[in-house]
Amino acid sequence: MPRLGVLGWPVAHSRSPAIHNAALAALGMDSWRYQRLPVPPALFAQTTRALAGSGFVGANVTIPHKQAALALATRASEAAQAIGAANTLTFCDDGTIAAENTDAPGLIAALGRVLDSPAHLRALVLGAGGSARAVVWALREAGADVAVWNRTPERAQALARDLGVRAVGRAEPADLLVNCTSVGLEDSGLEPSASEHRALNQLGLGFDQIGEYSYVVDLVYRHRSTPLLAAARAHGASTVDGLEVLVAQGALSFALWTGRQAPLQVMRDAAYSEDQAI
């Protein structure tokens with residue numbers, strides 16, 4: 001049985017199994033199965049290298065393993081190398097591991113639901129991890145003027161140096177705001193947010209500041225709106241939630257592993273049906 005999965009710590013919240021298993025079923029690929037793979041950082045390399053021997057064809061990679069995934073891979077795409085992180089691993093017949101980053105094109109595809117292009121827009125990216133690296137690179141390549149903020153300034157500065165953008169000491173006004181942190185993610189043990197006020201403060205923002213952004217993307221997804229997206233919608237901003245980005249990048253990973261065009265609407269329906277079922 002060909003197997004696929006998502007590596008993360010924690011990973012219980014991931015909707016990727018619902019999304020990919022729906023796609024496999026829609027295409028009649030009944031012998032394939034996609035599953036969660038909870039792996040702590042200390043065991044990431046050992047576990048990942050053993051997956052091919054257990055029938056795995058590929059795996060998505062989420063928090064906190066995206067940079068480790070790139071380091072582990074035998075080879076990587078130019079995009080993954082430039083970004084410095086990978087979210088998609090393919091286990092090849094010759095025993096090698098290929099790394100790709102579908103987060104970057106997935107973000108641009110998801111943004112297409114609310115704007116034609118981020119070119120020439122001012123963009124503020126919150127966070128400095130693997131997802132933030134992909135978002136910064138994608139927006140820079142698309143022609144946006146990108147700034148990055150992180151609660152640990154040194155991490156923002158390092159990312160900015162690596163990718164040729166600006167690091168800022170506080171959240172500043174922009175056309176587009178993208179949250180790449182885990183703030184607002186429920187039941188994960190990562191960033192418990194007791195209230196909208198606390199969650200926005202964790203992002204270096206206040207409610208009134210959200211009105212300074214015309215477009216807001218939150219990579220976090222959960223069974224109700226995140227505090228950031230709730231505030232953005234209250235101000236009339238156009239928003240993109242994390243499920244839309246997850247589906248877009250997942251469709252690209254699916255095509256890489258299977259050689260089949262992903263049934264995008266089937267995957268989207270599965271993502272939101274799972275959301276409503278919680």
(message) With rounding to the nearest 0.5 angstrom, report the CD to NE2 distance, Gln202 to His197.
(response) 10.5 Å

(request) Kindly say whether Leu229 contributes a backbone atom to a donor-acceptor pair with the side chain of Thr226 at under 3.5 angstrom? (result) yes

(request) Look only at the side chain of Gln46 and the backbone of Leu43, and say whether a donor-acceptor pair between them is shorter than 3.5 Å. (result) no

(request) I would like to know whether Ser253 and Asn60 meet side-chain hydrogen bond (donor to acceptor under 3.5 Å, both in side chains); could you show each step before the answer? (result) CA-CA 8 Å; Ser253 297; Asn60 286 128; 3.0 Å; yes

(request) Using the salt bridge (charged side-chain N to carboxylate O under 4.0 Å, His left out) rule, take Arg122 and Glu172 through it: C-alpha gap first, then chi angles, then the decisive distance, then the call. (result) CA-CA 10 Å; Arg122 295 171 302 151; Glu172 61 178 34; over 6 Å; no

(message) Keeping Arg140 on the side-chain end and Leu163 on the backbone end, is there a donor-acceptor pair under 3.5 Å?
(response) yes

(message) Using a 3.5 Å distance criterion without hydrogens, assess whether the side chain of Asp218 forms a donor-acceptor pair with backbone atoms of Tyr221.
(response) no

(message) When you measure from the side chain of Thr239 to the backbone of Val216, do you find a donor-acceptor pair of N or O atoms at a distance under 3.5 Å?
(response) no

(request) Assess the pair Phe207 and His235: is the distance between their ring centroids shorter than 6.0 Å? (result) yes

(message) What's the separation between atom OG1 in Thr96 and atom CZ in Phe91, rounded to the nearest 0.5 Å?
(response) 10.5 Å

(message) With rounding to the nearest 0.5 angstrom, report the CG to CG distance, Leu89 to Leu4.
(response) 12.0 Å

(request) May I ask you to decide if the ring planes of Phe44 and His65 are parallel, tilted or perpendicular, using 30° and 60° as cut-offs? (result) parallel

(request) State the CE-NE2 distance between Met267 and His20, to the nearest 0.5 angstrom. (result) 4.5 Å

(request) First locate atom CG of Asp103, then atom CZ of Arg133, and finally report the distance between them rounded to the nearest 0.5 Å. (result) 12.5 Å

(message) Check whether Trp257 reaches the backbone of Thr88 with its side chain - one donor and one acceptor, N or O, closer than 3.5 Å.
(response) no

